[in-house]
Amino acid sequence: RELVKSVTGKGGGVDVIFDTVGGSKLIQESLRCLKFKGRYCVVGWTSTPFAGGGRAAGADQSSANMIPTNLIMMKGAQVIGCPVAIHTRADPTIRPARVAAIDLMVKEGLLRPYVSHVFPLSKIKEAMNAKWGRQITGCCVVDCTLPQE
């Protein structure tokens with residue numbers, strides 16, 4: 001928090017938090033880094049995979065993120081839900097523009113995805129288990145050009 005505030009000019013904080021991880025400690029620290037009238041975008045439930053229905057209907061709701069309303073009030077913040085997969089399913093026409101924008105940012109070096117694991121197609125089950133078992137840092141790739149094991 002101190003580092004973020006020190007590099008944002010007069011300790012003002014950032015305009016937008018793009019939270020893809022969640023968790024109560026990260027949420028609190030992130031909100032404290034937010035500038036007055038900033039936006040806090042909740043993009044996914046990485047730290048709470050069973051929240052909001054999770055991987056199966058009727059999942060344990062006790063793991064849902066809890067956002068401290070006192071910090072939202074003090075910051076005059078907007079909290080915005082950004083369920084990318086749900087939006088894409090509800091309106092498939094938005095996906096091509098989003099993918100093109102991401103591809104351009106990667107091409108220009110603005111995004112550098114970290115790939116911690118690469119699997120051949122024959123190991124797709126192991127790849128999915130690694131993802132669901134939280135063994136993946138960043139992302140993983142299933143490479144169909146690798147020799148099948």
Side-chain angles (χ1 to χ4, degrees), residues 1-119 124-144:
R1 170 175 47 172
E2 289 76 25
L3 177 61
V4 170
K5 290 202 165 208
S6 73
V7 297
T8 55
K10 298 183 184 177
V14 297
D15 294 308
V16 178
I17 302 288
F18 189 80
D19 182 359
T20 62
V21 177
S24 61
K25 180 77 172 158
L26 180 68
I27 292 168
Q28 286 185 25
E29 290 300 310
S30 295
L31 282 169
R32 288 187 168 105
C33 292
L34 196 61
K35 185 185 290 185
F36 185 73
K37 290 195 173 184
R39 289 177 291 171
Y40 185 84
C41 302
V42 181
V43 180
W45 295 291
T46 302
S47 72
T48 54
F50 303 108
R55 295 194 178 102
D60 178 12
Q61 300 301 312
S62 66
S63 66
N65 285 326
M66 304 300 278
I67 299 179
T69 56
N70 63 322
L71 291 174
I72 295 167
M73 296 289 289
M74 288 173 18
K75 297 288 186 168
Q78 294 178 351
V79 177
I80 304 166
C82 306
V84 176
I86 295 169
H87 288 173
T88 303
R89 195 175 318 125
D91 182 2
T93 64
I94 63 178
R95 183 172 169 70
R98 286 180 174 177
V99 171
I102 291 169
D103 286 345
L104 181 61
M105 287 187 272
V106 169
K107 183 178 179 182
E108 293 177 349
L110 298 171
L111 290 178
R112 291 181 297 272
Y114 177 76
V115 178
S116 67
H117 292 70
V118 177
F119 298 90
I124 187 73
K125 184 176 180 180
E126 289 177 32
M128 297 305 291
N129 284 333
K131 180 173 175 49
W132 291 333
R134 297 177 184 259
Q135 298 167 5
I136 305 297
T137 301
C139 57
C140 70
V141 170
V142 175
D143 187 340
C144 298

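Note: hydrogens, waters and symmetry copies are ignored here, and every other heavy atom, side chains too, is used.
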Non-neighbouring partners of Ile72 that pass side chain to side chain contact (heavy atoms under 4.5 Å, CB included), sequence neighbours left out: Leu31, Ile67, Ala77, Val79

CD1-CD1 distance between Ile17 and Ile80, expressed to the nearest 0.5 angstrom: 12.0 Å

Distance in Å, Thr69 OG1 paired with Met73 CE, rounded so as to fall on 0.5 Å steps: 7.5 Å

Atom pair CG/NE2 of Asp143 and His117 - distance to nearest 0.5 Å: 15.0 Å

Set of residues satisfying side chain to side chain donor-acceptor pair (under 3.5 Å) with respect to Asp15, sequence neighbours excluded: Lys35

Residues which pass side chain to side chain contact (heavy atoms under 4.5 Å, CB included) with Glu29, listed by chain and number, not counting sequence neighbours: Arg1, Lys25, Arg32

Under 3.5 Å: donor-acceptor pair, side chain of Ser30, backbone of Ile27: no

Side chain to side chain contact (heavy atoms under 4.5 Å, CB included) against Thr137, all qualifying residues, sequence neighbours excluded: Tyr114, Ser116

Gln28 side, atom CD; Cys33 side, atom SG - distance, nearest 0.5 Å: 12.0 Å

Euclidean distance, Arg98 CZ relative to Asp103 CG, rounded to 0.5 Å: 14.0 Å

Set of residues satisfying side chain to side chain donor-acceptor pair (under 3.5 Å) with respect to Thr93, sequence neighbours excluded: Asp91

Residue list, salt bridge (Lys or Arg N to Asp or Glu O under 4.0 Å) with Lys107, at least two apart or on another chain: none

Beyond-backbone contact of Val106 with Leu111, side-chain heavy atoms, under 4.5 angstrom: yes

Contacts of type side chain to side chain donor-acceptor pair (under 3.5 Å), residue Asn129, not counting sequence neighbours: none

Validation row: Met74, Leu71 side chains within 4.5 angstrom (heavy atoms): yes

Test side chain to side chain contact (heavy atoms under 4.5 Å, CB included) applied to Glu108 - qualifying residues, sequence neighbours left out: Leu104, Leu110

Taking every non-hydrogen atom, the tightest pair across Phe36 and Gly76: CE1-N, 3.9 Å

